[in-house]
Amino acid sequence: MYLIAPSILSADFARLGEEVKRVIAAGADWIHFDVMDNHFVPNLTIGPQVAAALKPYLARPQGGAAVLDVHLMAQPVDALVEAFAAAGAHYISFHPEASPHTDRTLQLIRARGCKAGLAFNPATPLETLEYVIDKVDLILIMSVNPGFGGQSFIDSALSKIERARRLIDASGRDIRLEVDGGIKVQNIRRVADAGADTFVAGSAIFGCADHHAVIQAMRDELRNAGKVSKVA
Ligand code: DX5
Ligand code: ZN
């Protein structure tokens, strides 16, 4: 099942609640929440208090709530895991470079009732997965260098996605394969064909007033990739 996760990094921060509500009404599956600390990455964004404030806005018109997908680009990690779990995060992903104890941090995320994600920068190899794949619920492949929205997709991510897909299939585990950075209507199909199932898109969705049209166009592309998307 393919999932679309709009990144609110490209939303209007002055009216974030409304933006989240609007993009969910437009068909978003997840809300991707980018946390930057001006240390691990050269930018500064939003923290756990903002996540907690957005919680009521995650409700879907048809009932239930959108998944809050927190992407930590911050160091140190563990205190933020506690704070975001308390704020209502469903998934918490971090970069292995940002934690001295990747295995411990993965365990902490699950112990706090969240799904655990491991994020890989464009030049970071997947080797860590060999040792911790049993503790991972999501693999996040960065297709840009983290820090900013609106960058171009780095093509070397495609072979990494293929490799991650093989590792997931060999593990036999239920692990989502998410790709983040430079995803557009024009390239989403290639990314899906490489093996991804969860697609973060910031500027492509928030850069167009008609969010629904963009999300629909992405789903149409995904249908062409030969699989059925979640929302018809
Ligand atoms: C980049 C962030 C991404 C970003 C993607 O550091 O992790 O989630 O918002 O933005 P686009 O889709 O514009 O590349
Ligand atoms: Zn992100």
Side-chain angles (χ1 to χ4, degrees), residues 2-13 16 19-20 23 26 28-48 50-51 54 66-75 77 80-81 84 89-98 109 114-124 137-158 160-161 164 176-192 196-209 211 214-215 217-218 221-222:
Y2 290 129
L3 300 174
I4 309 275
S7 163
I8 55 172
L9 184 62
S10 291
D12 179 353
F13 275 16
L16 211 44
E19 292 274 81
V20 166
V23 84
D29 297 303
W30 290 8
I31 293 297
H32 186 80
F33 189 105
D34 285 307
V35 182
M36 304 186 187
D37 67 348
N38 189 39
H39 171 67
F40 185 70
V41 290
N43 198 358
L44 190 63
T45 59
I46 42 181
V50 176
L54 288 178
V67 163
L68 184 61
D69 175 34
V70 173
H71 176 195
L72 298 178
M73 290 159 277
Q75 193 176 19
V77 178
L80 288 175
V81 167
F84 276 102
H90 297 101
Y91 281 79
I92 301 177
S93 300
F94 67 100
H95 291 251
E97 298 93 333
I109 295 171
C114 299
K115 303 260 193 193
L118 209 47
F120 294 88
N121 282 336
T124 302
D137 301 296
L138 176 144
I139 296 170
L140 174 49
I141 304 294
M142 293 304 302
S143 40
V144 297
N145 288 292
F148 304 95
Q151 303 180 80
S152 299
F153 188 89
I154 295 173
D155 277 333
S156 67
L158 291 171
K160 194 187 277 183
I161 295 163
R176 295 216 71 89
L177 181 49
E178 184 174 44
V179 181
D180 184 5
I183 303 278
K184 316 271 172 215
V185 173
Q186 292 73 20
N187 64 12
I188 195 167
R189 183 175 171 184
R190 269 200 303 153
V191 179
D197 56 29
T198 306
F199 306 88
V200 176
S203 51
I205 292 175
F206 284 99
C208 174
H211 304 335
V214 180
I215 292 173
M218 287 179 165
E221 286 292 319
L222 292 173

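Order of appearance sets the numbers: ligands from 1, and atoms from 1 within every ligand.
- Checking only distances, Ser10 never comes within under 3.5 Å of ligand 1, N or O to N or O.
- Sorting the N, O or S atoms of His71 by how far they are from the Zn ion (ligand 2) puts ND1 first.
- Closest to atom 1 (C) of ligand 1 among all protein heavy atoms lies Phe148 O, 3.5 Å.
- Scanning both residues, Gly182 and Val144, for their nearest heavy atoms gives N-CG1, 3.9 Å.
- Remark: minimum distance from atom 9 (O) of ligand 1 to any protein heavy atom is reached at Ser7 OG, 2.8 Å.
- Within the 4.5 Å cutoff, the side chain of Thr124 has heavy atoms near those of the Glu97 side chain.
- In terms of protein heavy atoms, atom 13 (O) of ligand 1 is closest to Ser203 OG, 2.5 Å.
- Closest N/O/S atom of Asp34 to the Zn ion (ligand 2): OD1.
- Side-chain atoms of Thr198 do not come within 3.5 Å of backbone N or O of Glu178 as any donor-acceptor pair.
- With hydrogens and angles disregarded, no donor-acceptor distance shorter than 3.5 Å links the side chain of Gln75 to the backbone of Phe40.
- Per residue Asp180, closest N, O or S atom to the Zn ion (ligand 2): atom name OD2.
- When all heavy atoms of His95 and Leu72 are compared, the closest pair comes out as CD2-O, 3.4 Å.
- In terms of protein heavy-atom proximity, atom 12 (O) of ligand 1 is nearest to Gly202 N, 2.7 Å.
- For ligand 1, the atoms closer than 4.0 angstrom to any heavy atom of His32 are 8 (O).
- In terms of heavy-atom proximity, Phe206 sits nearest to Pro6 at CE1-CB, 3.9 Å.
- The ligand atoms of ligand 1 that sit less than 4.0 angstrom from a heavy atom of Ala201 are 12 (O).
- A distance of 12.0 Å separates OH of Tyr91 from CG of Leu140, quoted to the nearest 0.5 Å.
- Considering only non-hydrogen protein atoms, atom 5 (C) of ligand 1 sits nearest to Asp180 OD1, 3.5 Å.
- Using modelled atom types, one side-chain atom of Asp137 and one backbone atom of Ala116 make a donor-acceptor pair closer than 3.5 Å.
- Screening Ile188, Val191, Asn187 against Glu221 for a side-chain contact (heavy atoms from CB on, under 4.5 Å) leaves a single residue, Ile188.
- Each of the atoms 7 (O) of ligand 1 lies under 4.0 Å from some heavy atom of His71.
- Close approach of ligand 1 to Gly150 is summarised as follows: ligand atoms under 4.0 Å from at least one heavy atom of the residue are 11 (P), 13 (O), 14 (O).
- When all heavy atoms of Met36 and Gly147 are compared, the closest pair comes out as SD-O, 3.1 Å.
- Taking every non-hydrogen atom of Met73 and a distance limit under 4.0 Å, the qualifying atoms of ligand 1 come out as 6 (O), 7 (O).
- Distances below 4.0 Å separate heavy atoms of Pro146 from the following atoms of ligand 1: 6 (O).
- At a 4.0 Å cut-off, not a single heavy atom of Lys184 sits close enough to ligand 1 to count as contact.
- For atom 14 (O) of ligand 1, the nearest protein heavy atom (residue, atom name, distance) is Gly182 N, 2.8 Å.
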**OP:** Go through His32 and Asp34 one step at a time and tell me if the side chain to side chain donor-acceptor pair (under 3.5 Å) criterion holds.
**Re:** CA-CA 6 Å; His32 186 80; Asp34 285 307; 2.9 Å; yes
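- Distance from atom 6 (O) of ligand 1 to its nearest protein heavy atom, with residue and atom name: Gly147 N, 2.8 Å.
- Looking from atom 10 (O) of ligand 1 to the surrounding protein, the closest heavy atom is Gly149 CA, 3.6 Å.
- At a 3.5 angstrom cut-off on N or O pairs, Gly181 does not count as close to ligand 1.
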Subject >> Intermediate values then yes/no, side chain to side chain donor-acceptor pair (under 3.5 Å), Ser143 and Lys160 >> reply: CA-CA 10 Å; Ser143 40; Lys160 194 187 277 183; over 6 Å; no
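- Among Val23, Ile183, Val200, the one residue that satisfies the side-chain contact (heavy atoms from CB on, under 4.5 Å) test with Ile205 is Val23.
- In summary, the atoms of ligand 1 found under 4.0 Å from a heavy atom of Val200, numbered by their order in the structure, are 8 (O).
- Heavy-atom proximity to Met142, at under 4.0 Å, picks out these atoms of ligand 1: 7 (O).
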